[in-house]
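A short write-up of the structure that comes next.
Every chain is numbered from 1 and lettered A, B, ... according to where its sequence line falls, protein lines coming before strand lines.
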2 protein chains.
Amino acid sequence: MKTIADIAQLAGVAKSTVSRYLNGGSISVATKRKIERIIHETGYTPNNFAQSLKAKKPNIIGTIVPRLDSFASSQVLMGIDEQLRDLNYQMLIANTSQDLVREIESIYSLYNQKVAGIILLATQISEAHLKAFEETNLPVILVGQQHDQLYSLIHDDDSAGYDLGKYVLKNGHRKIAYLGVTEKDIAVGVRRKEGFKRAISEDDSCEVNYYETSFKMENAVEVTSSIIESFDPSIIVCATDNIALGALKAAHLKEIDVPSSLSIAGFGGYDVTGIIHPGLTTVKFHYEKVGRMAATSLVALLNGGEIPRSQLSDYQIIERESVDNKLKR
Amino acid sequence: MKTIADIAQLAGVAKSTVSRYLNGGSISVATKRKIERIIHETGYTPNNFAQSLKAKKPNIIGTIVPRLDSFASSQVLMGIDEQLRDLNYQMLIANTSQDLVREIESIYSLYNQKVAGIILLATQISEAHLKAFEETNLPVILVGQQHDQLYSLIHDDDSAGYDLGKYVLKNGHRKIAYLGVTEKDIAVGVRRKEGFKRAISEDDSCEVNYYETSFKMENAVEVTSSIIESFDPSIIVCATDNIALGALKAAHLKEIDVPSSLSIAGFGGYDVTGIIHPGLTTVKFHYEKVGRMAATSLVALLNGGEIPRSQLSDYQIIERESVDNKLKR
DNA sequence: CAGTTTTTTGGAACCGGTTCCATTTCAAGC
DNA sequence: GCTTGAAATGGAACCGGTTCCAAAAAACTG
């Protein structure tokens with residue numbers, strides 16, 4: 001493996017001259033040509049470690065994700081990756097497999113790897129998180145959750161919940177089940193639900209029940225079954241598309257037709273929701289775009305720029321077949 | 001930020017002694033205690049760049065993936081990640097967004113980052129790939145594709161195709177459409193199909209047509225429509241689950257009942273195939289396990305171990321509702 | 001063409017670790 | 001008590017770059 005010293009020797013110049021050539025200092029055309037040729041011939045590439053050591057400007061951004069095998073995270077990761085590439089940064093992914101302890105560990109581990117900053121696809125923010133960020137002093141952007149002490153970038157969960165609530169009412173549903181998740185997850189568990197609640201509260205002829213399940217499809221299948229048996233709503237609104245998929249499965253198992261006997265809606269906008277039958281009515285979030293925004297913001301922050309404490313990303317309701325219009329028949 | 005020199009000074013010893021403490025050299029209990037305390041107090045962590053510079057034993061493995069938002073890649077990544085963590089390595093992911101040029105660039109870029117080795121979730125292996133591997137001299141493990149000059153780890157596509165072919169025959173289907181992909185993809189485009197062909201050729205009462213589409217669902221929907229119109233098979237066997245999902249969609253659009261009027265099967269074993277209705281009969285590959293195997297193998301290779309040139313991972317057929325048994329009625 | 005300014009270049013120090021080697025310390029052996 | 005060997009430690013060199021500074025070369029200036 002060639003080093004800068006080798007190149008300098010071959011070109012008959014000093015190390016510093018080669019370094020200048022690489023980083024754009026003033027150089028005569030003649031020496032530039034020489035070095036150019038040698039580098040080309042030898043296929044020399046600078047050692048990244050040595051560069052980062054002296055320069056102290058690491059070009060790696062750490063991204064912490066709770067899981068790799070979810071549509072939402074993948075999309076966000078794609079967005080971050082694309083944008084960082086454009087900005088000449090590398091992305092180092094730390095997967096925590098939904099283990100909060102591992103999340104904290106990852107912060108320190110990334111710190112250890114001397115990343116320039118961290119993008120955290122967050123689920124919950126604990127004291128340990130704040131402590132870790134403070135101790136490592138790394139710039140952080142939160143994606144998907146909000147926290148007043150940190151920069152964050154979130155989906156407009158509240159409005160999304162509200163709009164979907166309005167949509168449900170507009171379609172004539174009055175006996176409604178909302179299948180949510182733990183309130184520990186502020187964005188998905190609280191804000192979506194609160195937005196939804198607000199919309200529903202504007203009509204007092206409604207009967208609404210709220211339920212809770214995990215993020216897993218299998219659990220959603222079970223819970224949905226029992227909801228149908230005990231409450232028999234005309235629509236089940238699910239806090240994520242995965243849960244909605246589980247609800248659909250439950251309906252099929254019970255041989256209940258969707259949407260004529262039961263409507264189902266979700267949040268997310270996952271690709272599969274469009275390919276299945278019946279197509280799932282859902283609120284689509286722009287994951288990839290959020291990823292790009294996160295990357296852009298973090299890099300701006302690294303370069304001493306000012307960014308808003310909290311940024312919102314929009315959404316849109318995609319109407320498909322899984323929600324019945326009660327008023328049309 | 002503290003450096004090893006600071007620690008040494010605070011502890012009243014030499015840099016080298018601190019280094020020995022960190023890396024396990026012979027040290028007296030007294031100095032060990034002292035250093036221990038200082039490090040604990042200051043929260044010192046060694047600079048990774050400086051370490052890697054001298055030590056030349058990078059602990060980062062590069063993984064090149066064609067896309068992040070596919071079930072298969074995500075699962076493999078999870079497997080690699082889990083295993084590498086256990087083996088004390090970090091994973092650096094390079095996403096190429098299915099761009100072959102970017103794949104080559106990534107090899108050089110990872111080389112530049114001084115990764116210890118590369119795991120390539122491959123689609124096609126070109127001359128440029130071989131050249132890049134040779135020039136960088138990085139150890140490589142191929143996942144999903146085979147090449148005689150490289151270590152590889154593949155699904156048993158040929159047998160999987162054969163077994164699914166047998167299964168289709170066993171269920172009494174005799175008018176069969178096989179919807180494959182480009183033959184540039186040896187594993188998916190050639191081997192699965194060849195295995196399938198071999199099974200079918202053992203029964204001469206069969207009418208089989210072979211078609212080709214892309215990996216995208218939308219294309220599969222169109223192609224399936226035209227297959228139904230022109231050939232009207234009793235079953236469509238799809239080279240991937242995504243394609244099968246597209247085929248299912250096409251059948252729904254045409255109001256053809258699956259499986260009573262048309263059977264559909266796929267390869268992959270993606271999670272959604274179990275949640276949709278009708279459940280998709282598919283050949284399940286063990287992606288996560290393959291990821292673990294890849295990580296284990298690469299690390300073995302790095303430590304001078306011997307590993308087989310080519311390793312096979314098994315599969316299993318999951319019978320669900322999308323394939324009709326013609327002989328039972 | 002001497003004097004001054006600007007550009008180009010080389011040399012040395014430095015980044016924060018690791019490692020080799022020489023020296024000191026210490027306990028065991030005779 | 002002196003020798004010997006092993007363990008502990010310090011000092012210096014080194015990894016492969018970047019950067020500062022001063023010297024050399026080239027380009028103006030009057």
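Atom pair Asp6(A):CG and dG17(D):C1' shows a separation of 13 Å (rounding to whole Å applied). In this structure, Ile4(A) atom CD1 and dT19(D) atom P are separated by 11 Å, rounded to whole Å. Distance, Leu22(A) CG to dG17(D) C1': 10 Å, rounded to whole Å.
For the segment residues 33-40 of chain B, the set of residues with a heavy atom within less than 4.0 Å of an atom of DNA chain C is empty.
With Ile93(A) as the fixed residue, the side chain to side chain contact (heavy atoms under 4.5 Å, CB included) test singles out one of Leu77(B), Asp81(B), Ile93(B): Ile93(B). If you run side chain to side chain donor-acceptor pair (under 3.5 Å) between Asp185(A) and each of Gln145(A), Gln124(A), Arg191(A), only Gln145(A) comes through.
Atom CD1 of Ile64(B) sits about 10.0 Å away from atom CG of Leu92(B), to the nearest 0.5 Å. Interatomic distance, Leu142(B) CG to Ile125(B) CD1, rounded to the nearest 0.5 Å: 4.0 Å. The CG atom of Asn95(B) lies 6.5 Å from the CZ atom of Arg85(A); values are rounded to the nearest 0.5 Å. The distance from atom OG of Ser73(B) to atom CG of Leu121(B), rounded to the nearest 0.5 Å, is 6.0 Å.
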Find every protein N or O atom lying less than 3.5 Å from an N or O atom of nucleotides 4-10 of chain C, and list the pairs.
unit_1: dT8(C); atom_1: OP2; unit_2: Ser26(A); atom_2: OG; d: 3.4
unit_1: dT9(C); atom_1: OP1; unit_2: Ser28(A); atom_2: OG; d: 2.7
unit_1: dT9(C); atom_1: OP1; unit_2: Thr31(A); atom_2: OG1; d: 3.2
unit_1: dT9(C); atom_1: OP2; unit_2: Ser28(A); atom_2: N; d: 3.0
unit_1: dT9(C); atom_1: OP2; unit_2: Thr31(A); atom_2: OG1; d: 3.0
unit_1: dG10(C); atom_1: OP2; unit_2: Ala14(A); atom_2: N; d: 3.0
unit_1: dG10(C); atom_1: OP2; unit_2: Thr17(A); atom_2: OG1; d: 2.7
unit_1: dG10(C); atom_1: N7; unit_2: Ser16(A); atom_2: OG; d: 3.2
unit_1: dG10(C); atom_1: N7; unit_2: Arg20(A); atom_2: NH2; d: 3.2
unit_1: dG10(C); atom_1: O6; unit_2: Arg20(A); atom_2: NH1; d: 3.4

Are any protein N/O atoms closer than 3.5 Å to N/O atoms in nucleotides 25-28 of chain C? If there are, list each pair with its distance.
none

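Using a 4.0 Å heavy-atom cutoff across all strands shown, Ser19(A) reaches at least one base atom of the nucleic acid. Residue contacts shown for Tyr21(A) are absent, as no nucleic acid heavy atom lies under 4.0 Å away.
For the pair Asn47(B) and dC15(C), the criterion of a side-chain N or O lying under 4.0 Å from OP1 or OP2 is not met.
Comparing atom distances between the Gln51(B) side chain and each of dT19(D), dG16(D), dG17(C) picks out dG17(C) as nearest.
Side-chain atoms of Lys15(A) stay outside donor-acceptor range of the base of dG16(D), with no qualifying N/O pair under 3.5 Å.
Looking only at side-chain heavy atoms (C-beta outward), Val290(A) and His155(A) come within less than 4.5 Å of each other. Between Thr3(A) and Asn47(A) there is no side-chain heavy-atom pair separated by less than 4.5 Å. Between His147(B) and Leu130(B), the closest side-chain pair of non-hydrogen atoms falls below 4.5 Å.
Under the 4.0 Å criterion applied to side-chain N and carboxylate O atoms, Asp314(B) and Lys289(B) are assigned as salt-bridge partners.
Using a 30° and 60° split on the angle between ring planes, Phe285(B) and Tyr287(B) fall in the perpendicular class, above 60°.
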